[in-house]
Amino acid sequence: MKIARPDSVVESVCDAVTDFLKSPRVLIGGQSSAATSGATYTVTNPATGEVLAHVPACDANDIDLAVRAAAAAFEGPWSKMLPVQRQSLLLKLADLIEENGEELAQLETLNQGKSILLSRLIEVQSSAEYFRYMAGCATKIEGATLDVSIGIPPGMRYQAHTRKEPVGVVAAITPWNFPLNMAAWKIAPALAAGCTVVLKPAEETPLTSIRLAELCLEAGFPEGVVNVVTGMGETAGAALVAHPGVAKITFTGSTETGKLIGVQAMKDMKRVTLELGGKAPMIMFDDMDLDLLGAAAGIGVFFNTGQTCCAGTRIYAQKGIYEKALEVIANVSRSLAVGSGLNPMNQINPLVSAKHQSHVKACIARGIEDGAKPVLGASAPDKGFFVAPELFTDVRQDMALMQDEVFGPVVTITPFDDPDEAVRLANDTRYGLGASIWTNDLNKVMRYVPKIEAGTVWVNSHNIPDQNMPFGGRKQSGIGREHGSRALENYLETKAVCIAYR
Ligand code: NAD
């Protein structure tokens, strides 16, 4: 079923979702199966805390089968397909994502907790669009012809060119905050480049990834081109990263896990892209358009209940507008309805898990203990993994609240006088993923954008990626960029070919 009107309430879960939840299985080499050990684990509905489904708990054996299946597909039918055939399959997949859009969106909201509006528009619609974008890239891979100056042996001439070749089997490891969309960010360019994939979704949110792999089969991708293996990070994830058959790892998740994966990848010289954590600043100048403050809070901070890697969680407001910014952001935060994601009127939804809820609550408690002042002090429903939004003032730069990722609906606001000092404070964390400056003065835009250490700098907006805009982090926010046609390079090797002739 296609997505319903994005802002419509889910009155009853569709039958396809109920059926799927009875027995989700992994997909290896085109076969739907349980874990070889038979083990399962439970995934929960964060809005209720109740068990949603039992999912295969895969281990190194299953990973081995999946990597072998991906390698066989890479050597076999997939490598024989023309770029235009890959393009057609990716377009077909995008259509199928849309055709099954409501099922996917409901599944995501039940599993992840997020607003059905975001499930429909981001997880489903924007994923379908990303497959279409990358479908176009499949037929535009190109190398270069190179003039060379090789002068030996005498009489020999040379002509060189580069070929772009798919790197091989890709291990894609995704986080729980945008499960289907993150899977699309990885699978789409990998397939466009001609690679095959083993996807290991986050243990909390594996369901839409399984459906995506099923839709790949339905679209006509040969068996083994897309495999999905569910399980814990420390077992299934670690086994995938270490598997000798994997040529490239693409990972989105926490900086801590990213470092482990980076080290393991280097041991085997595997190619690796890491999209990691963030602690994005929003610098608001006196001359900013104050009408944008609502959007700054709603989209910049609380989008996806703050579970966004580039959420603008550190606001630095210049003294002339500080009081106004504090008032508006506090009012917006208070006005956000807290409740189940199945009702799109609820803008603050449950956090993904009880564990993550405890983490966010602990960050708030630590902030208070360290001397920061909570402005809102609101409470959230007891049932489910909810945390009400919180806004802090009096936060010192060295506090954990300012330095560490909370990944929930928590924001700090700090006044500043001197713009250069604001930029220095904005850069003063280990992260460098996203940032924004808010001003109507073009001179400030031109002066300060180059000084901000972040992979993306938004001006008068925040937290809005686009498929054609490179996305990734500096410093400990990661290595490499996703999105944009150049994202294909992450999945291609460059081969120089040098032809001698007389
Ligand atoms: P996480 O690092 O705990 O887990 C991410 C994935 O890694 C999961 O699939 C997990 O099973 C797997 N994993 C865990 N340990 C592993 C190991 N030892 N070997 C291999 N795989 C392992 O992160 P999370 O809590 O799921 O996601 C939240 C984090 O992701 C936040 O830090 C957030 O900022 C980050 N994130 C970054 C971006 C970005 O584009 N930069 C986007 C979304 C989320």
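Just so it is clear, the structure is predicted and the values come from calculations on it, not from any experiment. Each ligand, and each atom within it, is numbered from 1 in the order the structure gives. The first residue of the sequence shown is numbered 1, and numbering continues consecutively from there.
Applying the ring pair (Phe, Tyr, Trp, His ring centres under 6.0 Å) criterion to His359, with sequence neighbours excluded, gives His356.
Although no hydrogens or angles enter the test, the distance criterion places no donor-acceptor pair under 3.5 Å between the side chain of Thr48 and the main chain of Gly384.
Counting only heavy atoms of the protein, atom 8 (C) of ligand 1 lies nearest to Thr174 O, 3.3 Å. Ranking the protein heavy atoms by distance from atom 43 (C) of ligand 1 puts Asn177 ND2, 3.1 Å first. Nearest protein neighbour of atom 13 (N) of ligand 1, counting heavy atoms only, is Gly233 CA, 3.4 Å. At the top of the distance list for atom 23 (O) of ligand 1, counting protein heavy atoms only, stands Ser254 N, 3.3 Å.
The residues Arg211 and Glu214 are annotated as salt-bridged, a charged nitrogen and a carboxylate oxygen being separated by less than 4.0 angstrom. Ionic pairing of Glu204 and Lys355 is not present here: no N-O contact between side-chain nitrogen and carboxylate oxygen is shorter than 4.0 angstrom. Between Lys361 and Glu390 no salt bridge is recorded (no basic side-chain N to carboxylate O distance below 4.0 Å).
Only the side chain of Glu405 comes within 4.0 Å of ligand 1, counting heavy atoms alone; its backbone N, CA, C and O stay farther away. Counting heavy atoms closer than 4.0 Å to ligand 1, residue Phe407 contributes side-chain atoms (C-beta onward) but none from N, CA, C or O. Residue contacts with ligand 1, taken as heavy atom pairs separated by less than 4.0 Å, do not involve Thr308 at all.
Note: an N/O pair closer than 3.5 Å links Gly253 and ligand 1 by distance alone. Ligand 1 has no nitrogen or oxygen under 3.5 angstrom from a nitrogen or oxygen of Val241.
Counting protein heavy atoms under 4.0 angstrom from atom 26 (O) of ligand 1 gives one or more.
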Going by atom type alone, with no hydrogens or angles, which donor-acceptor pairs under 3.5 Å involve a side-chain atom of residues 233-249 and a protein atom two or more places apart or on another chain?
{"unit_1": "Thr235", "atom_1": "OG1", "unit_2": "Met232", "atom_2": "O", "d": "3.4"}
{"unit_1": "His243", "atom_1": "ND1", "unit_2": "Gly245", "atom_2": "N", "d": "2.8"}
{"unit_1": "His243", "atom_1": "NE2", "unit_2": "Asp64", "atom_2": "OD1", "d": "2.7"}
{"unit_1": "Lys248", "atom_1": "NZ", "unit_2": "Thr273", "atom_2": "OG1", "d": "2.2"}
{"unit_1": "Lys248", "atom_1": "NZ", "unit_2": "Asn490", "atom_2": "O", "d": "3.4"}

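From Thr305, atom OG1 reaches atom CD of Gln347 across 9.5 Å, with rounding to the nearest 0.5 Å.
Residue contacts with ligand 1 include Phe251, since one of its heavy atoms falls under 4.0 Å from the ligand. Using a 4.0 Å cutoff on heavy atoms, Pro201 counts as a contact of ligand 1.
Separation of the Trp185 and Phe178 ring centroids does not fall under the 6.0 Å cut-off.
Of the listed residues (Gly473, Gly237, Gly258, Ala171), the one carrying the non-hydrogen atom nearest atom 21 (N) of ligand 1 is Gly237.
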